[in-house]
Asks: 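Quick one: the structure is below, questions incoming.
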Amino acid sequence: MNYWLVKTEPESYSLGDLERKGEDCWDGVRNHQARNFMAKMNPGDLVFVYHSGKQKALVGMAKVISEPYSDPKAEEGEKWLAVDLRFETNLPKHVGLAAIKAADSLQDLLLIRQSRLSVMPITSSEAETLLKMANS
DNA sequence: GCCAACGTTGGC
DNA sequence: GCCAACGTTGGC
């Protein structure tokens with residue numbers, strides 16, 4: 001099982017929107033590196049959801065429930081990917097960007113190293129650390 | 001193929 | 001509101 005982190009601007013699409021729908025299509029990713037990561041997603045993978053902008057924090061978990069498929073909103077001739085996510089949980093404690101930056105074991109997170117990337121992999125030990133921070 | 005100009009993202 | 005990072009566009 002793999003862990004991922006996806007970023008979203010809550011003003012345009014928030015974790016709450018996903019929670020209300022239960023399941024939804026995660027589309028609109030228009031960055032090649034992010035697309036290449038999406039291609040490696042598998043059903044059952046867990047996804048940390050990050051709110052950019054004012055919150056700058058991990059706010060919840062979702063689960064990948066489909067294979068990656070061609071983004072239905074992609075323009076003609078363009079190959080982008082989408083995946084279906086199901087809402088899992090709101091994190092008991094939001095894990096803020098500042099806290100992530102302050103954690104020695106999270107310095108390799110692409111969230112820090114590449115601030116504009118919107119889909120990225122998380123190692124299982126990083127996931128463990130983040131989940132501890134979210135539950136303590 | 002290079003590079004300047006410009007647009008977008010996202011943190012500060 | 002500003003700026004850094006980075007992608008895209010278009011002239012040459």
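Every chain is numbered from 1 and lettered A, B, ... according to where its sequence line falls, protein lines coming before strand lines.
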Asks: Tell me whether N36(A) contacts the main-chain N or O of Q33(A) through its side chain, where contact means a donor paired with an acceptor under 3.5 Å.
Replies: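 Such a contact is absent between N36(A) side chain and Q33(A) backbone.
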Asks: Set out, in order, the CA-CA distance, both residues' side-chain angles and the distance that settles side chain to side chain contact (heavy atoms under 4.5 Å, CB included) for M1(A) and L46(A), then state yes or no.
Replies: CA-CA 8 Å; M1(A) 205 242 305; L46(A) 278 177; 4.1 Å; yes
Asks: Could you list by number each residue of residues 49-56 of chain A showing a heavy-atom separation from DNA chain B of less than 4.0 Å, or answer none if no residue does?
Replies: Y50(A), S52(A), G53(A), K56(A)
Asks: I need the M61(A) CE to F87(A) CZ distance, nearest 0.5 Å.
Replies: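 So the CE of M61(A) and the CZ of F87(A) are separated by 10.5 Å.
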Asks: Return the orientation label for the Y13(A) and W26(A) ring planes: parallel under 30°, perpendicular over 60°, tilted otherwise.
Replies: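 Geometry flag for W26(A) against Y13(A): perpendicular rings.
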Asks: Between the main-chain N or O of S136(A) and the side-chain N or O of K93(A), is there a donor-acceptor pair closer than 3.5 Å?
Replies: yes
Asks: What range of DNA chain B does chain A touch, first nucleotide to last, counting atoms under 4.0 Å from its heavy atoms?
Replies: dG7(B) to dC12(B)
Asks: I'd like to know whether I65(A) forms a side chain to side chain contact (heavy atoms under 4.5 Å, CB included) with E23(A), so could you lay out the CA-CA distance, the side-chain angles of the two residues, the decisive distance to 0.1 Å, and finally the verdict.
Replies: CA-CA 9 Å; I65(A) 56 167; E23(A) 301 177 1; 3.5 Å; yes
Asks: How long is the straight-line distance from OG1 of T8(A) back to CG of L15(A), given to the nearest 0.5 Å?
Replies: 9.5 Å
